[in-house]
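Attaching a single structure in structure tokens format; questions to follow.
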Amino acid sequence: MAGALIAAFGGFASFNLTLSALPAYAVRSGAGPAGAGALTATLMAATLVVQPVTPWLFARIGRRQSLALSGVLFGLPCPVLPAVSALPALTALAAVRGLGFGVFVVAGVTFTAELFPPGARGRAIGWYGAVVGVSGVLGAPAGIALARERAYPLVFALATATAALVVAGAFCFPRAAAPAPAPEPGHRRTLRATGRALRPMTGPLLVEAASTTAYGVVFTFLPLTASAAPGALLAAQVSTVLSRLGAGWLIDRYGARRVLPPAVLLTALGTAAGAAPHEPVLLLAGTALFGASFGAVQSATLVLALQAAGDHPAGLAVAGVAWNVAFDGGTGVGSLAGGPVLSHGGPAALFPAAAAVLAVFLLFDRWVTRRPDTGKCTSPPGD
């Protein structure tokens, strides 16, 4: 577990440092706001492209080597960034980092799940999520502060050093047996098997995508609508860290299926609080509630996806890929679709609409769940 936590902190700290500083660096280099947006879009596009082939990579070269490779790809471009200013070169480096990040995020949740039996996965994923949250609380403000001081070489040096922790964490994992022969990732039989594996995860994955759509809306548009946004978003981040630990215990004790509905409804309520941008007390309370319940949704949906996948490495890898695609895709949808809604209806339309989407997908999840989780994560998949 120590290796997973070291790698999680390093990878997400590097991600948050550059995510908050690189757009300003691109604008300073002459790329303009559109160019800055293109860098983030390129990184996330490369992340999404590589995620479906990660199970094949894990089977081909093994877990330790895959995670170490992700750290190398994610960190190696960072020392080059201070010497680069042209947008095509910056975009190419962002694409390389995106490939590494795509492997890293799937490896983190998949390998952590493999290390623990189903009855302990809630707490393990809770600790993993809490460390990810801490890296965001520390990395994002540091990146913004250093960018305002134009200390970009220091930002990129820190991003390199924290990415190196991914490589260090990889070699704290136990040495696994020789990887099994892996089918080619484009094989038709593999695609059919993947489709069958994804079917029982549909409800939790759609809830996950809807929750991160709300996340994309809150973290993208609250700074544009509320003067209290910095404090509100910090409250959301801190409460997310704390809730991941508590939610893990609740999931192992009562079952992810029982934890998910109240967590989703509270997330929707916290999202809707963004409709009151000029009420700072309500906004702070709402974003703290959003962060706490959002963290619980993340843990519960991931545990349900892993439970549906079964306890064999191939199934856990498929669940890890699908959950991360839902997270990244939902965040992107919220960021892209929220702009037109905000332009036409303002905060009073945008934030309640995101909350309503989340509630609708919870209802859909309840409808497609034929056999509710009777209690603990030790229940067989499908119970």
Side-chain angles (χ1 to χ4, degrees), residues 4 7-19 22 38-78 81 90-114 128-129 132 135-136 139 159-160 162-167 169-170 173 182 184-186 190-191 194 198 201 205 208-209 212 215-216 298 302 305-306 309 313-314 316-333 335:
F9 178 81
F12 281 100
S14 182
F15 174 79
N16 283 290
L17 280 164
T18 53
L19 187 68
L22 198 55
L39 291 182
T40 301
T42 299
L43 186 145
M44 297 312 298
T47 296
L48 288 169
V49 165
V50 77
Q51 284 176 343
V53 302
T54 50
W56 171 84
L57 181 68
F58 300 159
R60 178 69 68 180
I61 68 174
R63 63 156 72 99
R64 298 172 76 183
Q65 291 79 3
S66 298
L67 188 56
L69 175 63
S70 75
V72 170
L73 289 173
F74 197 48
L76 202 57
C78 294
L81 287 170
L90 289 173
T91 303
L93 292 173
V96 174
R97 297 191 78 231
L99 295 175
F101 189 64
V103 176
F104 163 73
V105 293
V106 175
V109 296
T110 302
F111 300 162
T112 300
E114 288 179 4
Y128 182 89
V132 170
S135 70
T160 304
T162 49
L165 293 176
V166 178
V167 180
F173 277 87
E184 292 302 316
T190 303
L191 293 177
T194 301
L198 288 173
M201 308 176 200
L205 292 177
E208 168 63 12
T212 56
Y215 172 86
Q298 303 311 291
L302 180 54
L306 293 169
L316 295 178
V318 169
V321 170
W323 187 87
N324 277 286
V325 169
F327 186 106
D328 296 334
T331 304
V333 168
S335 301

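For reference, positions follow the sequence shown, starting with 1. Basis for what follows: all heavy atoms, side chains included, without hydrogens, waters or symmetry-related copies.
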* Asked: Looking at T160 and C78, what are the two nearest heavy atoms and their distance?
  ->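 So the two residues come closest at OG1-CB, 3.0 Å.
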
* **Aromatic ring pairing W323/F327, orientation class (parallel under 30°, perpendicular over 60°, tilted between)** =>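 W323 and F327: tilted rings.
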
* **Side-chain heavy-atom pair V166, F74 within 4.5 angstrom cut-off** =>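 Not touching, per the 4.5 Å side-chain cut-off.
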
* So which heavy atom on A163 is nearest to which on G75, and how close? ->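 So the minimum-distance heavy-atom pair works out to CB-CA, 3.5 Å.
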
* Asked: What pairs with S14 under side chain to side chain donor-acceptor pair (under 3.5 Å), at least two apart in sequence or on another chain?
  ->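 Here the qualifying residues are R97.
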
* Does A209 have any side-chain contact (heavy atoms from CB on, under 4.5 Å) partners at least two apart in sequence or in another chain, and if so, which? ->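 side-chain contact (heavy atoms from CB on, under 4.5 Å) list for A209, sorted by chain: A326.
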
Tabulate below the donor-acceptor pairs under 3.5 Å that side-chain atoms of residues 102-109 make, not counting sequence neighbours, or state none.
none

* Asked: How long is the gap from CG on N324 to CG on L48, to the nearest 0.5 Å?
  ->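 Reported to 0.5 Å precision, the distance equals 9.5 Å.
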
* To do: Over all heavy atoms of both residues, which pair between S135 and A13 is shortest? Give the atoms and the distance, please.
  =>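 Heavy atoms only, the tightest pair is CB-N, 3.6 Å.
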
* **Contacts of type side-chain contact (heavy atoms from CB on, under 4.5 Å), residue L93, not counting sequence neighbours** =>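 L93 satisfies side-chain contact (heavy atoms from CB on, under 4.5 Å) with P77, V80, L81, V84 once adjacent residues are dropped.
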
* To do: Considering non-hydrogen atoms only, spot the tightest contact between T18 and A159 and give its length.
  =>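 Closest approach of T18 to A159: CG2-CB, 3.7 Å.
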
* Asked: With sequence neighbours left out, what residues match L76 under side-chain contact (heavy atoms from CB on, under 4.5 Å)?
  ->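 L76 satisfies side-chain contact (heavy atoms from CB on, under 4.5 Å) with V72 once adjacent residues are dropped.
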
* Over all heavy atoms of both residues, which pair between T162 and L17 is shortest? Give the atoms and the distance, please. =>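 It is OG1-CD1, 4.2 Å.
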
* **Residues in side-chain contact (heavy atoms from CB on, under 4.5 Å) contact with A68, at least two apart in sequence or another chain** =>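 Checked A68 against side-chain contact (heavy atoms from CB on, under 4.5 Å); matches are V167, A170, F171.
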
* Taking all non-hydrogen atoms of both residues, which atom of G98 and which atom of V50 are closest, and how far apart? ->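 Closest heavy-atom pair between G98 and V50: O-CG1, 4.4 Å.
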
* To do: Measure the spacing between CG of L69 and CZ of R64 and express it to the nearest 0.5 Å.
  =>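 Reported value, rounded in 0.5 Å steps: 14.5 Å.
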
